[in-house]
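In this text the structure is predicted, and so the values were computed from the model without any measurement. Each chain gets a letter, A, B and so on, in the order the sequences are listed, and its residues count up from 1. FYI, side chains are in, hydrogens and waters are out, and symmetry mates aren't considered; it's all heavy atoms of this structure.
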There are 2 protein chains.
Amino acid sequence: MDDVLTIGEMCAAYQVTARTLRFYEQKELIWPIRQGSHRLYDRKARARLQLILRGKRFGFSLEDIRQLLDMYEREGSNQAQLERTYAVAVDRLGQMVAQRDELDLAIAELKQELAEGAAMIAAFKAAAE
Amino acid sequence: MDDVLTIGEMCAAYQVTARTLRFYEQKELIWPIRQGSHRLYDRKARARLQLILRGKRFGFSLEDIRQLLDMYEREGSNQAQLERTYAVAVDRLGQMVAQRDELDLAIAELKQELAEGAAMIAAFKAAAE
DNA sequence: AGGGAAATTGACGTTGACGTCAAGGTAACG
DNA sequence: CGTTACCTTGACGTCAACGTCAATTTCCCT
């Protein structure tokens, strides 16, 4: 109990499967310690996993996340890289807002159709002649 | 010019590729007229395509759309089927709302991080130790 | 020492919605 | 009649993010 978790404990703790953890490792998103052939996840690895899961909630792809993590792992205080990271985040935010607006629109439309009588029914009826 | 469009004209008119149209046909979403081996899209086919594209904007899967279209093509005024269609739409609306709420939350979080200084920067720095 | 639980690597499978050739058929224009 | 543009079918490829075996180790407990 040296502040490291086995893969099974990680699964329980973060609600992910072992396959997922190995997959992230293969994709170079995380590097657990090796004790023999077994994996052990220390604080750093767990912090990275948290960020990965967080990034996913924000809708970043795993590749986006890898790049973001890499930028910081490599040369944290580099101003240029810092700005690029910021830009990536702003960009993603823009996408998210756009996506939400579209979704809002679609929701409003669908709601109205449902209110107007019968879902897409009127529309579908029209198509069926 | 008998109120039918060739596949190429359809592509231009609806901003889809020929592959997409053939794919929809293969999935039994649309049935263009055949003139020899060539396809011709009449008003009905075009109406169906519009509905398909519309359904996609609502986030329905092609399979959902096929089922919805089928229900109405087959026996439009069947009360049971009508209710099932309605239920599908309500269900989908629920999903959309849930998705939007999640998105709103994520947007708020990301915005705050950006405001707090440096995107996911603080977080990523922490992970890099 | 034995035996079940937990881990390992490797490799192929899945899902959805098409993309991308390849190898022709056909139709319209001059 | 030729050529060029458009169309056809068929089949395999792609992308993301894992799932699902299978065949072995390795660990922990009694």
Side-chain angles (χ1 to χ4, degrees), chain A residues 1-2 4-42 45-46 48-69 92 95-96 99 102, chain B residues 1-2 4-42 45 48-69 88 92 95-96 99 102:
Chain A
M1 199 264 220
D2 192 22
V4 293
L5 298 185
T6 68
I7 198 167
E9 290 163 344
M10 285 293 281
C11 295
Y14 295 93
Q15 300 281 60
V16 294
T17 69
R19 178 66 180 92
T20 297
L21 290 173
R22 298 195 192 101
F23 179 73
Y24 289 168
E25 185 176 346
Q26 184 190 327
K27 290 280 168 178
E28 308 203 88
L29 283 160
I30 222 175
W31 304 288
I33 299 167
R34 286 311 185 96
Q35 179 172 351
S37 61
H38 287 192
R39 292 168 174 83
L40 289 177
Y41 297 82
D42 60 3
R46 296 196 310 264
R48 286 183 72 98
L49 179 57
Q50 285 234 13
L51 288 172
I52 293 167
L53 298 177
R54 194 137 184 252
K56 288 200 62 181
R57 289 214 336 275
F58 289 160
F60 289 100
S61 71
L62 290 183
E63 178 56 19
D64 284 342
I65 294 171
R66 192 187 61 72
Q67 286 179 23
L68 288 169
L69 284 170
R92 178 64 202 149
Q95 290 175 30
M96 287 166 74
Q99 192 183 337
E102 272 185 55
Chain B
M1 198 264 219
D2 192 23
V4 294
L5 298 185
T6 68
I7 198 167
E9 291 163 343
M10 286 293 281
C11 295
Y14 294 93
Q15 300 281 61
V16 294
T17 67
R19 178 67 179 93
T20 297
L21 291 173
R22 298 196 193 102
F23 180 73
Y24 289 169
E25 185 177 346
Q26 184 190 328
K27 290 281 168 178
E28 308 202 88
L29 283 159
I30 222 175
W31 306 287
I33 298 167
R34 287 311 185 97
Q35 178 172 353
S37 62
H38 288 190
R39 291 168 175 83
L40 289 177
Y41 296 83
D42 60 3
R48 285 182 73 98
L49 178 58
Q50 285 234 15
L51 288 172
I52 293 166
L53 298 178
R54 193 137 187 254
K56 288 200 64 180
R57 289 214 335 276
F58 288 160
F60 289 100
S61 72
L62 291 183
E63 178 55 19
D64 284 343
I65 295 171
R66 191 187 63 72
Q67 286 180 24
L68 288 170
L69 284 170
V88 168
R92 178 62 201 150
Q95 289 174 30
M96 288 167 73
Q99 191 183 337
E102 271 186 55

Could you tell me how far apart A:I65 (CD1) and D:dA17 (C1') are, to the nearest whole angstrom? 11 Å

B:S37 side chain near C:dA27 phosphate (N/O to OP1/OP2, under 4.0 Å): no

Does the side chain of B:Y24 get closer than 4.0 angstrom to OP1 or OP2 of C:dA17 through an N or O atom? no

Shortest non-hydrogen contact from A:A45 toward A:D42: N-OD1, 2.9 Å

Between C:dT8 (C1') and A:L21 (CG): distance, integer Å: 14 Å

With a 4.0 Å limit, can you tell me whether B:R22 has a side-chain N or O closer than that to the phosphate oxygens OP1/OP2 of C:dT20? no

Touch class at under 4.0 angstrom, heavy-atom based, for B:R39 against every strand present: sugar-phosphate

Exercise: identify the closest heavy-atom pair between B:A18 and B:C11: N-SG, 3.3 Å

My understanding is that only one of B:L21, B:V16, B:L40 makes a side-chain contact (heavy atoms from CB on, under 4.5 Å) with B:I7; could you say which? B:L21

Quick one: is A:T6 getting a side-chain N or O under 4.0 Å of the C:dA7 phosphate, OP1 or OP2? yes

Think A:K27 has a side-chain N or O under 4.0 angstrom from the OP1 or OP2 of D:dC15? no

Over how many whole Å does the gap from A:Q26 atom CD to C:dT9 atom P extend? 10 Å

Output the rounded distance in Å from CG (B:D64) to P (C:dA17). 9 Å

Does a sphere of radius 6.0 Å around CD in B:E102 hold more than 12 heavy atoms from other residues, nucleotides or ligands, not counting ones at 6.0 Å or beyond? no

5' precedence on DNA chain D between A:H38 and A:T20 (nearest-nucleotide basis): A:T20

Looking only at side-chain N and O atoms, does A:R19 come under 4.0 Å of OP1 or OP2 in C:dG13? no

How long is the line joining CD of A:Q35 and P of D:dC28, in whole Å? 8 Å

Separation of D:dC7 P from B:E25 CD (nearest whole Å): 14 Å

